[in-house]
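So you know, we letter chains A, B, ... as the sequences are listed, proteins then strands, and number each from 1. Atoms considered below: every heavy atom in the structure, side chains included; atoms not considered: hydrogens, waters and symmetry mates.
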Amino acid sequence: MTTDLPKAYRPIDFEGAVYERWLAADVFAPDGAGSRADDAKPGFVIIQPPPNVTGSLHLGHAQRTAVEDLLIRHARMQGRPTLFLPGLDHASIAAQVVLDRIIAAEGETRGSLGRERYLERMRAFSDSTKPVMLGQQRRVGASADWGRLRYTMDDGSARAVRVAFERLYRHGLAYRTEALVNWCPGCRTSVSDLETIPTPETGTLWFVRYHLVDEATGEPSASETITVATTRPETILGDTAVAVHPDDGRYATLVGRRVRIPFVERTVEIIADDVVDPAFGTGAVKITPAHDQDDRATGLRHGLPAITVLDEAARVTREGGPYEGLDRYEARARIVDDLRGRGDLEAERPHEMIVGRCQRSNDVVEPRLMTQWFVRTGPLAARALDSTRSGRTRILPARFEKTWEHWLTNIRDWNVSRQLWWGHRIPAWYCPDGHITVSAEEGGPAACEACGRPAAELEQDPDIFDTWFSSGLWPFSTLGWPDDTPDLRRFYPTSVMETGYDILFFWVARMMMLGLHLTGAEPFHTVYLSGLVRDPYGKKMSKTTGNVVDPLEVIDESGADALRFALIHGAAPGMDQRFGPAKLDNARNFANKLWNATRFVVGARPATIAPDARRRAPDPDRLGPTERWIRSRAAAATEAANSALAELAFGEMTRVLYDAIWTEFCDWGIELAKVRLADDDSSPGEREATWWTLVEALDTYLRLLHPVMPFVTETLWGALPHAADDPDLLIVARWPSPSGGVRDEATERDLTAVLDLVRAVRNARAEAGIEAAAWLAADVAVPRALASTVGALKPAISRLARVRPLTLHASRDGLGGREGTPPEGLAVVAGSLEALVRRPAGEPRDADRTRLARELAEAEGFLATARARLANESFMSRAPAAVVEGARAREAELADQVERLRSRLAE
RNA sequence: GGGCGGUUAGCUCAGUCCGGUCAGAGCGCCUCGCUUACACCGAGGAAGUCGCAGGUUCGAGUCCUGCACCGCCCACCA
């Protein structure tokens, strides 16, 4: 069974082969040939958040995959039927932005290629990125069911989109209307509110005089004017009213009068409306219903016309009269100049304001009046809120529930129309009479629903869906919805949705809303929100900043296990983490440690055990304190890891395992065990028991660590003896059960005392400046309670503290020095144990005295605090009995310590 | 304008929900050491008034209030 391990830990040498073995064993699919899933156990399902096909993965994706794969591997080892369904997202707008850049380099544009050729290019482009991305996932170690790989642009997804939309439409939850949408002149499409980033800017507030119309002549008056304040003079061209507050005395007499809009020479009315803030500007506002949300609402209330003066490129339209064809900012400058020329620019001053910019292109988004499709979110959001409030779906970390609440309670209808090409075409057809037919049929409707006109006379909506619409169906469209498939029945609802908090609204909320309405069930019971991976300086990683790290480079260098461990170890849920070489090195070193520890154990097999022996539990009658301690600590680690995992506290879990393996198992466990393994005095049976103990603990640790570091643990586990009922591969081996462990608290206590003594002796030696290699004679006084443990560990203490000969005494008298003969040594007081280490002849004693004096002062300080506490009546009467008891015990211990230190110092 | 998060060793961060052995880790730093698993190592060590000010409590990084910076999210005031 045991195979030879290479001396050096070189992940690149084995990770690929390990992955091949998993694939060959067919263990990823829930019903794969190698699956050891028990169908009686609850299933565990993760539908992977599909990365965009825009290129390659970054560290954020690697983190995503690491966490998801951790959950999946853990569930798989528990014997639960698991499904990790991988996927890719077509990312319509993001992909178009990328492709636009690529074709621009070839001197082409969207327009020059045309819709069909452009889409062809896009398909070719995404076909080229897909394998790269899937290869990256594989290198990270994703144990996904590749046979179920899905794509948001595949036929299944397309059909789900059409059916979903048709149902929403029939249920009155999707509607088409003219509304002001966020228009990006750069991308030439509308974008959602979420994609419009409010950006602070210093603009200008211009005060413009409008001339009232002299009702007698019908001409603008030279003297009668009203001054409005605006930050956007170019929209003057589309003004259809001026508004003042109804209670504003300054303008009371002007309400109902008319003014002449300059340049376009339109005559509009002065109206009164509550929306106007009399304290802002002049208290009079120009109203441009086609280019401002507030004005649109005001216009609707007052029946004002809406005149669009900016086109899809944000150039002035024919309605703009003399300014037609000018870009919005050129027009603005010209209009300001012209107003100044007319003497109608009363004032201008800098103004701090917020403008909306496009998330993709950073262009200033223009409110634009268009007829588009919307999803009515009110009823959908209400159900989503109910799901989290009732706890049917929980969000972790819990604080995000507040954000969730706030967003969903203030949600506005969702504009799903995009004037892009790459995506799912909206399945709505219009007939010449203006009737709408929505159809989920692949070829479209046969005829107009309303008037029966044949399909040939119908025209399909040219727009496509917001990319998040198809993403919103992801948890069930991937399982066969809208059909009632076996997969859907078996794996839906899914278990955990792991993703970054930055797409909580974009994606999670949409999945929840659409999932609840279309399937009647919450699509997942837990939302686990990860933080963002940032660069070492805290900057968000982005291609434009150039600080993006390719996971493959990291994996080539340090291994996938190190990358995964570092990403998980360094993170707390929902908190961003800075990621740099330090964390990675630490993780790699840890893997190396594990590697070498295993190499040692494998190599330390007693000759009496056959190389191909089956793993068995150590003989309980041959266990010494060391063995009992190692087993107990492994059991403790199992408990701690399990409870951390239950809370999805992955960072906590790796911390537990890191300490257990490195500090406890390697630094102490193996070092202690070496003694019995090498000691000629120990019997073959004892040596075997020690070795089996090491194997057992290591086996447990490798299992516990496998979900985080799958490659190295699989490799190392393969080098250890397996039990009769173990599978060949760790990936499907049983998860350690906490009850299977053997906690032994008495042994743990005793060992703590012994290890403290060893540490104290080492410390004393170091402080005294004694040569590390020197063997010194030592006497140790051992209280009765520790006699048996210390007796059994005598050779180990001797080795670890480098003391020889070592003599044990039943009382302090045995240490000598008290009566007359001054001790020639280092006095060491550690808990209830006390040692006297003989110094080499001629060494001065000052350092030792200094150390003792410092320890005494420290102990006295603690003792004083402890006594003050016990003297506090409130504490004694109000604190719980257990706490008081603990305080008493500590006081006694400290008092003893102080007494002994004093007496040592007095010698 | 609301809301949330952060402020703990030189640096990067756990710990705060469930108050008392929690003052921790990694990196860095100092002193030793190539002891046949590991120098991607081992042994020892230095290092923090847990942002500030109040409050609750026998007891507070841990709960409450206020404040100060830093960051994020939401938000139709021209």
Annotated structure of RNA chain B as dot-bracket, pair cut-off 3.5 Å, Watson-Crick or G-U only, | for inter-strand, is ((((((((.[[[[.)....(...]]]].(((((.......))))).....[[[[[..)....]]]]])))))))....
Which nucleotide in the set [options] lies at the smallest distance from any side-chain heavy atom of [X]?
X: A/Thr230; options: B/A78, B/A14, B/C13; value: B/A78
X: A/Arg599; options: B/G20, B/A37, B/G44; value: B/A37
X: A/Arg655; options: B/C41, B/A14, B/C38; value: B/A14
X: A/Phe505; options: B/A14, B/C74, B/A78; value: B/C74
X: A/His351; options: B/A78, B/C38, B/G20; value: B/A78
X: A/Lys402; options: B/A75, B/G44, B/C4; value: B/C4
X: A/Ala766; options: B/C40, B/A78, B/G44; value: B/G44
X: A/Ala572; options: B/U12, B/A37, B/A14; value: B/A14
X: A/Ala582; options: B/A37, B/C4, B/C27; value: B/C27
X: A/Thr403; options: B/C73, B/C38, B/C40; value: B/C73

Establish whether the base of [N] is bridged to the side chain of [X] by a donor-acceptor pair shorter than 3.5 Å.
X: A/Glu671; N: B/A37; result: yes
X: A/Arg588; N: B/C40; result: yes
X: A/Asp585; N: B/C40; result: no
X: A/Lys593; N: B/C38; result: yes
X: A/Lys674; N: B/A37; result: yes

Hey, does [Y] have a side-chain heavy atom less than 4.5 Å from the side chain of [X]?
X: A/Ile270; Y: A/Ile226; value: yes
X: A/Leu826; Y: A/Ile770; value: yes
X: A/Thr388; Y: A/Val527; value: no
X: A/Leu339; Y: A/Trp206; value: no

Does A/Tyr658 have A/Lys593 sitting over its ring (NZ/CZ under 6.0 Å from centre, angle to axis within 45°)? no
A/Arg890 to A/Phe862, cation-pi by 6.0 Å centre distance and 45° axis angle:
yes
Have a look at [X] and say if it touches a base, only the backbone sugar-phosphate, or nothing, with a 4.0 Å heavy-atom cut-off.
X: A/Asp667; result: sugar-phosphate
X: A/Phe400; result: nothing
X: A/Leu194; result: sugar-phosphate
X: A/Trp206; result: nothing

Euclidean distance, atom [atom1] of residue [X] to atom [atom2] of [N] [Å, nearest integer]:
X: A/Arg578; N: B/A25; atom1: CZ; atom2: P; result: 22 Å
X: A/Arg762; N: B/C32; atom1: CZ; atom2: C1'; result: 13 Å
X: A/Leu205; N: B/C77; atom1: CG; atom2: C1'; result: 11 Å
X: A/Glu767; N: B/U31; atom1: CD; atom2: C1'; result: 11 Å
X: A/Phe565; N: B/C13; atom1: CZ; atom2: P; result: 17 Å
X: A/Met575; N: B/U16; atom1: CE; atom2: C1'; result: 12 Å
X: A/Glu401; N: B/C73; atom1: CD; atom2: P; result: 21 Å
X: A/Leu532; N: B/G5; atom1: CG; atom2: C1'; result: 13 Å

Euclidean distance for [atom1], [N] against [M] (whole angstrom):
N: B/C50; M: B/A9; atom1: P; answer: 10 Å
N: B/U16; M: B/U7; atom1: P; answer: 12 Å
N: B/G10; M: B/G55; atom1: P; answer: 29 Å
N: B/C73; M: B/C17; atom1: C1'; answer: 22 Å
N: B/G45; M: B/C18; atom1: P; answer: 37 Å
N: B/U21; M: B/C29; atom1: P; answer: 33 Å
N: B/A47; M: B/C27; atom1: C1'; answer: 14 Å

5'-most contact on RNA chain B (nearest-nucleotide basis), A/His406 vs A/Ser874, goes to A/Ser874
Result for 5'-nearest mapping on RNA chain B, choosing between A/Asn586 and A/Arg802, is A/Asn586
Problem - Side-chain N or O of A/Trp404 closer than 4.0 Å to phosphate OP1/OP2 of B/C74 - result: no
Regarding B/G42, purine or pyrimidine glycosidic angle vs 90° from 0 gives anti
Worksheet item: Where does the angle between the aromatic ring planes of A/Phe505 and A/Trp407 fall among parallel (under 30°), tilted (30 to 60°) and perpendicular (over 60°)?
Response: parallel
Would you please classify the geometry between the A/Tyr9 ring and the A/Phe14 ring as parallel, tilted or perpendicular, with 30° and 60° separating the classes? tilted
Any carboxylate oxygen within less than 4.0 angstrom of a Lys/Arg side-chain nitrogen, looking at A/Glu405 and A/Lys402? no
Practice problem: Using a cut-off of 6.0 Å, state whether more than 12 heavy atoms not belonging to A/Arg301 lie near its atom CZ. | Solution: yes
